[in-house]
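One-based numbering along the sequence shown.
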Amino acid sequence: MGTQIYLIDYLGVHCGMDYYLNAFKSNLSKIPNSEVNILSNYSDKNVTPFFFNQYKGNTFVKIYYLLRNILKLNKFIKSTPNGTFIYLSYGHFIDIPFIKIISKKRNGIIDIHEAISQSLDTNHLLKQCWKKIYKNNVNNIIFHSKRTEIYLDEFKYSGNRIFVPHFKYQYDKKYNIDKIPTSLTELFNQSKINFLFFGNLNISKGVDIVIEAFRLLEEPVSEKANLIIAGKDFDGTICKYCTQLDKNIHILSRHITDDELKFLFSKCDYITLPYRKTSQSGIIETAFHFKRPIIASKIPYFIQTLEKFPSFGILSGNSPKEYAIAISDTITNHGTKIFYSDLDYSEYENRKEFKLFIDKISELGLA
(Lines give C-alpha, C1' and ligand atoms only; values in the text may rest on other atoms or scores of the structure.)
Protein backbone atom coordinates (compact mmCIF):
# COMPACT_ATOMS: atom_id res chain seq x y z
CA MET A 1 0.00 0.00 0.00
CA GLY A 2 1.36 3.43 -0.96
CA THR A 3 1.50 6.66 1.01
CA GLN A 4 -1.83 7.97 2.24
CA ILE A 5 -1.94 11.79 1.96
CA TYR A 6 -4.72 13.72 3.70
CA LEU A 7 -5.62 17.29 2.75
CA ILE A 8 -7.35 18.91 5.72
CA ASP A 9 -9.60 21.89 4.99
CA TYR A 10 -11.44 22.87 8.14
CA LEU A 11 -13.17 25.99 6.81
CA GLY A 12 -14.32 24.04 3.76
CA VAL A 13 -17.75 25.00 2.52
CA HIS A 14 -17.70 28.12 4.72
CA CYS A 15 -15.08 29.68 2.41
CA GLY A 16 -15.84 27.77 -0.79
CA MET A 17 -12.40 26.25 -1.32
CA ASP A 18 -13.39 23.11 -3.22
CA TYR A 19 -11.68 24.18 -6.48
CA TYR A 20 -8.44 24.86 -4.61
CA LEU A 21 -8.70 21.50 -2.84
CA ASN A 22 -9.20 19.62 -6.10
CA ALA A 23 -6.30 21.44 -7.78
CA PHE A 24 -4.10 20.67 -4.77
CA LYS A 25 -5.16 17.02 -4.87
CA SER A 26 -4.45 16.78 -8.59
CA ASN A 27 -0.85 17.92 -8.07
CA LEU A 28 -0.20 15.75 -5.02
CA SER A 29 -1.51 12.73 -6.94
CA LYS A 30 1.64 12.93 -9.08
CA ILE A 31 3.70 11.68 -6.13
CA PRO A 32 4.54 8.04 -6.96
CA ASN A 33 2.64 5.37 -5.02
CA SER A 34 0.40 7.83 -3.22
CA GLU A 35 -3.31 8.17 -2.61
CA VAL A 36 -4.74 11.61 -1.80
CA ASN A 37 -7.81 12.06 0.38
CA ILE A 38 -9.69 15.23 1.39
CA LEU A 39 -10.93 15.77 4.94
CA SER A 40 -13.39 18.65 4.95
CA ASN A 41 -16.99 19.58 5.72
CA TYR A 42 -18.05 19.35 2.08
CA SER A 43 -20.67 16.75 1.27
CA ASP A 44 -22.45 15.46 -1.79
CA LYS A 45 -24.21 12.25 -2.76
CA ASN A 46 -20.86 10.41 -2.97
CA VAL A 47 -19.01 11.89 0.02
CA THR A 48 -19.75 11.98 3.74
CA PRO A 49 -18.08 15.04 5.29
CA PHE A 50 -15.26 14.35 7.74
CA PHE A 51 -15.91 17.45 9.85
CA PHE A 52 -19.21 18.57 11.31
CA ASN A 53 -20.11 21.96 9.83
CA GLN A 54 -19.31 24.22 12.75
CA TYR A 55 -20.50 27.39 10.98
CA LYS A 56 -24.23 26.82 11.40
CA GLY A 57 -26.33 27.27 14.52
CA ASN A 58 -25.97 29.29 17.71
CA THR A 59 -22.78 29.90 19.68
CA PHE A 60 -23.25 26.82 21.88
CA VAL A 61 -23.69 24.56 18.83
CA LYS A 62 -20.61 26.06 17.15
CA ILE A 63 -18.43 25.51 20.20
CA TYR A 64 -19.76 21.96 20.58
CA TYR A 65 -18.96 21.07 16.96
CA LEU A 66 -15.53 22.72 17.17
CA LEU A 67 -14.57 20.56 20.15
CA ARG A 68 -15.95 17.42 18.49
CA ASN A 69 -13.98 18.19 15.31
CA ILE A 70 -10.74 18.71 17.24
CA LEU A 71 -11.19 15.39 19.04
CA LYS A 72 -12.20 13.59 15.84
CA LEU A 73 -9.14 14.77 13.92
CA ASN A 74 -6.80 13.96 16.81
CA LYS A 75 -8.21 10.42 17.05
CA PHE A 76 -7.98 9.89 13.28
CA ILE A 77 -4.34 11.00 13.14
CA LYS A 78 -3.40 8.69 16.01
CA SER A 79 -5.06 5.80 14.18
CA THR A 80 -3.19 6.62 10.93
CA PRO A 81 0.47 6.64 12.02
CA ASN A 82 1.96 6.41 8.52
CA GLY A 83 -0.20 9.06 6.86
CA THR A 84 0.95 12.45 5.58
CA PHE A 85 -1.32 15.26 6.77
CA ILE A 86 -1.47 18.70 5.12
CA TYR A 87 -3.52 21.36 6.90
CA LEU A 88 -4.75 24.38 4.93
CA SER A 89 -4.22 27.37 7.23
CA TYR A 90 -6.11 30.62 6.58
CA GLY A 91 -4.61 32.65 9.43
CA HIS A 92 -7.61 32.44 11.75
CA PHE A 93 -7.34 31.72 15.48
CA ILE A 94 -9.54 28.68 14.89
CA ASP A 95 -6.61 27.16 12.93
CA ILE A 96 -4.37 27.02 16.01
CA PRO A 97 -5.55 23.76 17.69
CA PHE A 98 -5.57 21.97 14.32
CA ILE A 99 -2.08 23.23 13.46
CA LYS A 100 -0.76 21.96 16.79
CA ILE A 101 -2.35 18.53 16.25
CA ILE A 102 -0.97 18.19 12.72
CA SER A 103 2.51 19.44 13.61
CA LYS A 104 3.03 16.74 16.24
CA LYS A 105 3.50 14.31 13.36
CA ARG A 106 6.81 14.12 11.52
CA ASN A 107 4.81 14.03 8.27
CA GLY A 108 2.60 16.93 9.27
CA ILE A 109 2.67 19.90 6.89
CA ILE A 110 1.02 23.32 7.19
CA ASP A 111 -0.05 24.91 3.91
CA ILE A 112 -0.19 28.68 4.43
CA HIS A 113 -3.06 29.52 2.11
CA GLU A 114 -2.95 33.20 3.13
CA ALA A 115 0.01 35.10 4.60
CA ILE A 116 -0.78 33.91 8.12
CA SER A 117 -3.39 36.65 8.57
CA GLN A 118 -4.64 39.59 6.53
CA SER A 119 -4.49 41.83 9.62
CA LEU A 120 -1.02 40.72 10.70
CA ASP A 121 0.63 43.97 9.58
CA THR A 122 -1.39 46.12 11.98
CA ASN A 123 -1.88 43.82 14.97
CA HIS A 124 1.29 43.34 17.04
CA LEU A 125 -0.23 40.80 19.46
CA LEU A 126 -1.57 38.72 16.58
CA LYS A 127 1.84 38.76 14.90
CA GLN A 128 3.58 37.62 18.10
CA CYS A 129 1.02 34.84 18.51
CA TRP A 130 1.64 33.45 15.01
CA LYS A 131 5.39 33.93 15.34
CA LYS A 132 5.38 31.71 18.42
CA ILE A 133 3.19 29.06 16.79
CA TYR A 134 5.21 28.79 13.59
CA LYS A 135 8.56 28.99 15.33
CA ASN A 136 7.81 26.50 18.12
CA ASN A 137 5.21 24.12 16.71
CA VAL A 138 5.57 23.77 12.94
CA ASN A 139 8.25 21.68 11.21
CA ASN A 140 7.09 21.74 7.58
CA ILE A 141 5.47 24.57 5.62
CA ILE A 142 4.10 24.93 2.10
CA PHE A 143 3.99 28.57 1.00
CA HIS A 144 2.91 30.32 -2.18
CA SER A 145 4.29 33.86 -2.27
CA LYS A 146 7.11 36.23 -1.43
CA ARG A 147 4.93 37.98 1.17
CA THR A 148 4.61 34.79 3.20
CA GLU A 149 8.33 34.10 2.85
CA ILE A 150 9.12 37.56 4.25
CA TYR A 151 6.98 36.77 7.30
CA LEU A 152 8.75 33.43 7.77
CA ASP A 153 12.12 35.21 7.62
CA GLU A 154 10.91 37.77 10.15
CA PHE A 155 9.73 34.96 12.44
CA LYS A 156 13.14 33.27 12.06
CA TYR A 157 11.34 30.11 11.00
CA SER A 158 13.91 27.30 10.71
CA GLY A 159 11.78 24.37 9.57
CA ASN A 160 11.38 22.98 6.06
CA ARG A 161 9.97 25.41 3.49
CA ILE A 162 8.33 24.07 0.33
CA PHE A 163 7.38 26.62 -2.32
CA VAL A 164 4.72 26.18 -4.98
CA PRO A 165 2.61 28.78 -6.83
CA HIS A 166 -1.14 28.81 -6.35
CA PHE A 167 -2.40 25.64 -8.03
CA LYS A 168 -4.04 26.22 -11.40
CA TYR A 169 -7.70 25.27 -11.64
CA GLN A 170 -8.87 22.50 -13.94
CA TYR A 171 -12.60 22.12 -13.29
CA ASP A 172 -15.39 22.05 -15.90
CA LYS A 173 -16.53 25.53 -16.93
CA LYS A 174 -20.04 24.44 -17.90
CA TYR A 175 -22.97 25.56 -15.75
CA ASN A 176 -26.64 24.68 -15.50
CA ILE A 177 -28.53 27.76 -16.72
CA ASP A 178 -31.65 26.54 -14.90
CA LYS A 179 -29.80 27.12 -11.63
CA ILE A 180 -28.98 30.75 -12.44
CA PRO A 181 -31.66 33.07 -11.01
CA THR A 182 -33.02 35.95 -13.04
CA SER A 183 -31.80 38.31 -10.32
CA LEU A 184 -28.26 37.37 -11.37
CA THR A 185 -28.63 37.23 -15.16
CA GLU A 186 -30.20 40.68 -15.12
CA LEU A 187 -27.03 42.16 -13.62
CA PHE A 188 -25.27 41.86 -16.97
CA ASN A 189 -25.73 44.47 -19.68
CA GLN A 190 -24.75 43.16 -23.09
CA SER A 191 -24.56 46.67 -24.54
CA LYS A 192 -21.89 47.63 -22.00
CA ILE A 193 -18.49 46.41 -20.86
CA ASN A 194 -19.04 44.18 -17.82
CA PHE A 195 -16.54 44.24 -14.95
CA LEU A 196 -16.69 41.70 -12.11
CA PHE A 197 -15.51 41.99 -8.52
CA PHE A 198 -15.84 38.55 -6.95
CA GLY A 199 -15.08 37.19 -3.49
CA ASN A 200 -15.20 38.41 0.08
CA LEU A 201 -16.44 42.00 0.12
CA ASN A 202 -13.95 43.51 2.54
CA ILE A 203 -11.42 46.29 2.89
CA SER A 204 -8.34 44.10 2.32
CA LYS A 205 -9.79 43.08 -1.06
CA GLY A 206 -10.41 46.77 -1.91
CA VAL A 207 -14.11 46.57 -2.70
CA ASP A 208 -14.40 50.19 -1.54
CA ILE A 209 -11.66 51.17 -4.01
CA VAL A 210 -13.46 49.72 -7.02
CA ILE A 211 -16.79 51.27 -5.98
CA GLU A 212 -15.24 54.71 -5.62
CA ALA A 213 -13.27 54.27 -8.87
CA PHE A 214 -16.48 53.64 -10.83
CA ARG A 215 -18.05 56.70 -9.25
CA LEU A 216 -15.09 58.76 -10.48
CA LEU A 217 -15.49 57.69 -14.12
CA GLU A 218 -16.36 60.60 -16.35
CA GLU A 219 -19.00 60.53 -19.04
CA PRO A 220 -19.21 59.24 -21.71
CA VAL A 221 -16.82 56.52 -20.44
CA SER A 222 -19.01 55.75 -17.42
CA GLU A 223 -21.99 55.11 -19.72
CA LYS A 224 -20.10 52.19 -21.25
CA ALA A 225 -19.27 50.48 -17.93
CA ASN A 226 -21.19 47.98 -15.82
CA LEU A 227 -19.79 46.73 -12.50
CA ILE A 228 -21.03 43.55 -10.81
CA ILE A 229 -19.96 42.88 -7.23
CA ALA A 230 -20.68 39.36 -5.97
CA GLY A 231 -19.74 37.61 -2.75
CA LYS A 232 -20.17 37.50 1.01
CA ASP A 233 -20.03 40.70 3.06
CA PHE A 234 -18.62 39.33 6.33
CA ASP A 235 -17.83 42.61 8.07
CA GLY A 236 -20.46 45.04 6.77
CA THR A 237 -18.13 46.78 4.32
CA ILE A 238 -20.87 47.29 1.73
CA CYS A 239 -23.11 49.01 4.28
CA LYS A 240 -20.29 51.47 4.96
CA TYR A 241 -19.36 52.28 1.37
CA CYS A 242 -22.54 51.65 -0.62
CA THR A 243 -25.20 53.74 1.05
CA GLN A 244 -26.20 54.92 -2.41
CA LEU A 245 -25.74 52.76 -5.49
CA ASP A 246 -24.78 54.29 -8.82
CA LYS A 247 -26.76 53.04 -11.79
CA ASN A 248 -23.74 51.22 -13.23
CA ILE A 249 -22.91 49.34 -9.98
CA HIS A 250 -24.80 46.19 -8.97
CA ILE A 251 -24.22 44.19 -5.78
CA LEU A 252 -25.12 40.59 -5.01
CA SER A 253 -24.11 40.19 -1.35
CA ARG A 254 -24.50 36.50 -0.48
CA HIS A 255 -22.97 33.07 -0.96
CA ILE A 256 -22.39 32.35 -4.67
CA THR A 257 -23.00 28.79 -5.86
CA ASP A 258 -20.65 26.91 -8.19
CA ASP A 259 -23.00 27.30 -11.16
CA GLU A 260 -23.35 31.02 -10.44
CA LEU A 261 -19.58 31.43 -10.21
CA LYS A 262 -19.11 29.79 -13.60
CA PHE A 263 -21.85 31.95 -15.10
CA LEU A 264 -20.32 35.16 -13.71
CA PHE A 265 -16.82 34.42 -14.98
CA SER A 266 -18.10 33.20 -18.35
CA LYS A 267 -20.16 36.33 -19.01
CA CYS A 268 -17.95 39.16 -17.69
CA ASP A 269 -15.34 41.00 -19.75
CA TYR A 270 -12.82 41.87 -17.02
CA ILE A 271 -12.03 40.86 -13.43
CA THR A 272 -11.26 43.67 -10.99
CA LEU A 273 -8.63 42.99 -8.32
CA PRO A 274 -8.10 46.26 -6.39
CA TYR A 275 -6.62 44.39 -3.41
CA ARG A 276 -4.68 46.18 -0.70
CA LYS A 277 -2.75 43.01 0.15
CA THR A 278 -2.74 39.29 -0.50
CA SER A 279 -0.19 36.50 -0.62
CA GLN A 280 -2.10 34.46 -3.18
CA SER A 281 -5.53 34.52 -4.77
CA GLY A 282 -7.99 31.90 -5.92
CA ILE A 283 -9.85 34.68 -7.75
CA ILE A 284 -6.88 35.42 -9.99
CA GLU A 285 -6.53 31.72 -10.81
CA THR A 286 -10.24 31.55 -11.60
CA ALA A 287 -9.81 34.51 -13.95
CA PHE A 288 -6.92 32.72 -15.67
CA HIS A 289 -8.97 29.51 -15.89
CA PHE A 290 -11.69 31.41 -17.79
CA LYS A 291 -9.12 33.55 -19.65
CA ARG A 292 -10.59 36.79 -18.35
CA PRO A 293 -8.20 39.79 -18.23
CA ILE A 294 -7.51 41.17 -14.78
CA ILE A 295 -7.14 44.77 -13.62
CA ALA A 296 -4.89 44.30 -10.61
CA SER A 297 -3.54 46.70 -8.02
CA LYS A 298 0.21 47.16 -7.64
CA ILE A 299 0.89 44.81 -4.77
CA PRO A 300 3.84 42.37 -4.87
CA TYR A 301 1.86 39.22 -5.66
CA PHE A 302 0.05 40.75 -8.64
CA ILE A 303 3.19 42.54 -9.87
CA GLN A 304 5.16 39.28 -9.86
CA THR A 305 2.32 37.41 -11.59
CA LEU A 306 1.95 39.91 -14.42
CA GLU A 307 5.72 40.16 -14.83
CA LYS A 308 5.66 36.43 -15.64
CA PHE A 309 2.47 36.57 -17.76
CA PRO A 310 2.12 40.19 -18.99
CA SER A 311 -0.71 39.51 -21.44
CA PHE A 312 -3.03 38.28 -18.67
CA GLY A 313 -4.04 41.77 -17.59
CA ILE A 314 -2.92 45.22 -16.52
CA LEU A 315 -1.63 46.79 -13.31
CA SER A 316 -3.16 49.83 -11.66
CA GLY A 317 -2.23 52.21 -8.89
CA ASN A 318 -3.81 51.46 -5.52
CA SER A 319 -5.96 54.57 -5.02
CA PRO A 320 -9.55 54.99 -6.33
CA LYS A 321 -8.36 57.76 -8.66
CA GLU A 322 -5.60 55.60 -10.14
CA TYR A 323 -7.93 52.62 -10.41
CA ALA A 324 -10.50 54.79 -12.19
CA ILE A 325 -7.82 55.76 -14.73
CA ALA A 326 -7.04 52.07 -15.34
CA ILE A 327 -10.75 51.28 -15.79
CA SER A 328 -11.17 54.25 -18.14
CA ASP A 329 -8.15 53.18 -20.24
CA THR A 330 -9.50 49.62 -20.37
CA ILE A 331 -12.87 50.83 -21.65
CA THR A 332 -11.22 53.10 -24.23
CA ASN A 333 -9.00 50.28 -25.52
CA HIS A 334 -11.63 47.53 -25.25
CA GLY A 335 -11.52 45.23 -28.26
CA THR A 336 -8.10 46.43 -29.43
CA LYS A 337 -5.73 45.14 -26.74
CA ILE A 338 -4.85 41.45 -27.05
CA PHE A 339 -4.88 39.39 -23.85
CA TYR A 340 -3.76 35.80 -23.13
CA SER A 341 -1.09 35.34 -25.78
CA ASP A 342 -0.32 31.74 -26.75
CA LEU A 343 3.26 32.12 -25.47
CA ASP A 344 2.20 33.40 -22.03
CA TYR A 345 -0.51 30.79 -21.63
CA SER A 346 1.85 27.97 -22.60
CA GLU A 347 4.33 29.24 -19.98
CA TYR A 348 1.52 29.38 -17.42
CA GLU A 349 0.30 25.85 -18.18
CA ASN A 350 3.78 24.34 -17.96
CA ARG A 351 5.32 26.00 -14.91
CA LYS A 352 8.33 24.02 -13.70
CA GLU A 353 7.62 24.98 -10.08
CA PHE A 354 4.96 22.27 -9.82
CA LYS A 355 7.44 19.48 -10.57
CA LEU A 356 9.96 21.00 -8.16
CA PHE A 357 7.23 21.03 -5.50
CA ILE A 358 6.61 17.29 -5.87
CA ASP A 359 10.35 16.59 -5.94
CA LYS A 360 10.88 18.59 -2.73
CA ILE A 361 8.17 16.71 -0.78
CA SER A 362 9.66 13.39 -1.90
CA GLU A 363 13.21 14.58 -1.13
CA LEU A 364 12.23 15.50 2.44
CA GLY A 365 10.62 12.08 2.89
CA LEU A 366 7.24 13.61 3.71
CA ALA A 367 5.33 11.43 1.25
Side-chain angles (χ1 to χ4, degrees), residues 118 121 186-233 235-253 256 264-265 267-278 281 283-284 286-288 290-307 309-340:
Q118 288 283 21
D121 299 319
E186 289 178 343
L187 299 181
F188 284 90
N189 189 326
Q190 298 306 316
S191 65
K192 295 187 178 185
I193 301 169
N194 291 284
F195 296 82
L196 174 65
F197 179 99
F198 184 88
N200 293 335
L201 312 183
N202 57 36
I203 294 297
S204 66
K205 299 294 177 69
V207 67
D208 58 313
I209 293 175
V210 73
I211 289 171
E212 184 59 27
F214 269 76
R215 288 173 173 166
L216 292 173
L217 294 176
E218 297 181 356
E219 293 187 15
V221 172
S222 63
E223 293 298 319
K224 300 177 182 178
N226 187 52
L227 172 64
I228 299 161
I229 297 172
K232 288 183 179 179
D233 184 7
D235 55 8
T237 300
I238 291 301
C239 294
K240 298 173 187 175
Y241 293 96
C242 256
T243 53
Q244 182 179 353
L245 285 180
D246 292 18
K247 63 181 180 180
N248 62 341
I249 301 176
H250 312 279
I251 297 177
L252 195 63
S253 177
I256 305 298
L264 287 165
F265 277 83
K267 294 298 182 182
C268 71
D269 297 297
Y270 299 93
I271 305 299
T272 64
L273 296 165
Y275 292 13
R276 287 181 167 88
K277 53 188 172 183
T278 193
S281 172
I283 308 304
I284 198 174
T286 306
F288 294 168
F290 283 87
K291 291 191 175 181
R292 290 296 179 262
I294 63 171
I295 304 171
S297 54
K298 289 182 179 178
I299 59 174
Y301 181 67
F302 293 154
I303 292 171
Q304 293 164 12
T305 300
L306 288 181
E307 281 177 349
F309 315 111
S311 69
F312 286 14
I314 61 173
L315 287 169
S316 164
N318 295 23
S319 70
K321 184 177 180 180
E322 292 170 308
Y323 207 77
I325 293 171
I327 295 290
S328 182
D329 290 345
T330 300
I331 292 170
T332 302
N333 297 317
H334 181 64
T336 61
K337 186 174 176 60
I338 304 299
F339 293 100
Y340 289 93

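- With Ser328 contributing its side chain and Ala324 its backbone, the two residues share no donor-acceptor pair below 3.5 Å.
- Between the CD1 atom of Ile209 and the CZ atom of Phe214 there is a distance of 13.5 Å, given to the nearest 0.5 Å.
- The distance from atom OG of Ser316 to atom CD1 of Ile327, rounded to the nearest 0.5 Å, is 7.5 Å.
- A donor-acceptor contact under 3.5 angstrom links the side chains of Glu322 and Ser319, judged on distance only.
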- Task: Test Leu306 against Ile294 for side-chain contact (heavy atoms from CB on, under 4.5 Å), laying out the working first.
- Result: CA-CA 10 Å; Leu306 288 181; Ile294 63 171; 4.0 Å; yes

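- Between Phe309 and Phe288, the ring-plane angle classifies as perpendicular under the 30° and 60° cut-offs.
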- Query: How far apart are the C-alpha atoms of Phe198 and Leu252, what are their side-chain angles, what is the distance that settles it, and do they pass the side-chain contact (heavy atoms from CB on, under 4.5 Å) test?
  - Reply: CA-CA 10 Å; Phe198 184 88; Leu252 195 63; over 6 Å; no

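- Counting heavy atoms from C-beta outward, Ser253 and Leu201 have side chains that approach closer than 4.5 Å.
- Screening Thr272, Asn318, Leu216 against Tyr323 for a side-chain contact (heavy atoms from CB on, under 4.5 Å) leaves a single residue, Thr272.
- The two residues Lys192 and Lys224 have their closest heavy-atom pair at CB-O, 3.4 Å.
- Within 6.0 Å of NZ in Lys267 there are 12 or fewer heavy atoms belonging to other residues, nucleotides or ligands.
- Separation of atoms OH (Tyr275) and OG (Ser204) is listed at 8.5 Å; rounding is to 0.5 Å.
- In this structure a side-chain-to-backbone donor-acceptor pair under 3.5 Å is missing from Arg215 to Ala213.
- Using a 4.5 Å cut-off on side-chain heavy atoms (C-beta onward), Ile295 and Phe195 make contact.
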- Verify ring pair (Phe, Tyr, Trp, His ring centres under 6.0 Å) between His334 and Tyr270, making sure each step is shown before the conclusion. CA-CA 10 Å; His334 181 64; Tyr270 299 93; 5.5 Å; yes

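- At least one donor-acceptor pair closer than 3.5 Å links the side chain of Arg276 to the backbone N or O of Ile203.
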- Message: Run Gln190 and Phe188 through side-chain contact (heavy atoms from CB on, under 4.5 Å) and show every step you take.
- Response: CA-CA 6 Å; Gln190 298 306 316; Phe188 284 90; 3.9 Å; yes

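- One distance of note links CG of Leu264 with CG of Leu196; it measures 5.5 Å at 0.5 Å rounding.
- The two residues Ala287 and Tyr340 make their nearest non-hydrogen contact at O-OH, 3.5 Å.
- A salt bridge does not link Lys337 to Asp329: none of the charged nitrogens lies less than 4.0 Å from a carboxylate oxygen.
- Side chains of Thr305 and Ile284 form a contact here, defined as non-hydrogen atoms less than 4.5 Å apart.
- When all heavy atoms of Tyr301 and Ser281 are compared, the pair lying nearest together is CE2-N, 3.6 Å.
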- Should Phe339 and Phe312 be marked as a side-chain contact (heavy atoms from CB on, under 4.5 Å) after you check the CA-CA gap, both sets of side-chain angles, and the distance that decides it? CA-CA 6 Å; Phe339 293 100; Phe312 286 14; over 6 Å; no

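- The two atoms that bring Asn200 and Phe197 nearest to each other are O-CE2, 3.9 Å, heavy atoms only.
- With values rounded to the nearest 0.5 angstrom, Ser222 atom OG is found 6.5 Å from Asn248 atom CG.
- A donor-acceptor contact under 3.5 angstrom links the side chains of Asn226 and Asn194, judged on distance only.
- Judged purely by atom type and a 3.5 angstrom limit, Arg292 uses its side chain to pair as donor or acceptor with the backbone of Cys268.
- Residues Gly206 and Pro274 share a closest heavy-atom pair of O-CG, 3.2 Å.
- If you take CD on Glu212 and CD1 on Ile249, they are separated by 8.5 Å, rounding to the nearest 0.5 Å.
- Contact between Lys298 and Ile303 at its shortest, heavy atoms only, is C-CD1, 3.8 Å.
- With hydrogens and angles disregarded, no donor-acceptor distance shorter than 3.5 Å links the side chain of Asn333 to the backbone of Thr336.
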